[in-house]
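Working notes, beginning with the structure itself.
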Amino acid sequence: MKSQWCRPVAMDLGVYQLRHFSISFLSSLLGTENASVRLDNSSSGASVVAIDNKIEQAMDLVKSHLMYAVREEVEVLKEQIKELIEKNSQLEQENNLLKTLASPEQLAQFQAQLQTGSPPATSQPQGTTQPPAQPASQGSGPTA
């Protein structure tokens with residue numbers, strides 16, 4: 001019986017605090033330093049309805065701002081995903097090209113390094129020096 005008596009008081013206090021927070025939050029969103037809306041201690045029916053309406057308007061305003069921000073962020077993320085997919089495709093093509101240009105010994109050495117987890121060698125073993133591969137788009141003639 002005692003817990004039933006305490007619950008409405010706690011609910012009323014929570015609603016009061018929520019309304020006060022909502023009005024303060026709305027005031028800060030609208031940029032008004034001194035809010036003209038004050039909670040009336042008598043809590044007449046008309047002021048409660050007016051406050052509820054203002055809270056609802058504030059919630060709608062917050063919701064619309066959040067939805068706008070989320071939509072904007074989604075667009076940015078979609079663009080980033082698109083760029084990453086393009087870069088991934090480019091890197092896959094480059095990887096395939098390097099695999100076709102690499103000698104079987106180099107591929108075996110690379111696979112061994114992957115399995116042991118050691119970093120790739122910075123210099124080539126003697127006797128297997130190869131000139132760097134020229135990209136197919138460059139001409140073989142001299143450039144100015």
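It should be emphasised that the depicted structure is a prediction, and the values quoted were computed from it without experimental measurement.
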- Message: Before you tell me yes or no, could you show the steps for S103 and Q106 under side-chain contact (heavy atoms from CB on, under 4.5 Å), namely the whole-Å CA-CA distance, both residues' side-chain angles and the distance that decides it to 0.1 Å?
- Response: CA-CA 5 Å; S103 68; Q106 289 172 325; 3.2 Å; yes
Without placing hydrogens or testing angles, list every side-chain donor-acceptor pair under 3.5 Å for residues 67-84, not counting sequence neighbours.
unit_1 : atom_1 : unit_2 : atom_2 : d
Y68    : OH     : E72    : OE1    : 3.1

- L101 side, atom CG; K99 side, atom NZ - distance, nearest 0.5 Å: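 If we round to the nearest 0.5 Å, L101:CG and K99:NZ are 12.5 Å apart.
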- Atom CD in Q109, atom CG in L114: separation rounded to 0.5 Å?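 One finds 11.0 Å between CD of Q109 and CG of L114.
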- I51: which of I55, V48, N53 passes side-chain contact (heavy atoms from CB on, under 4.5 Å): I55
- Polar side-chain atom of T116 near backbone of A112 as donor-acceptor pair, under 3.5 Å: yes
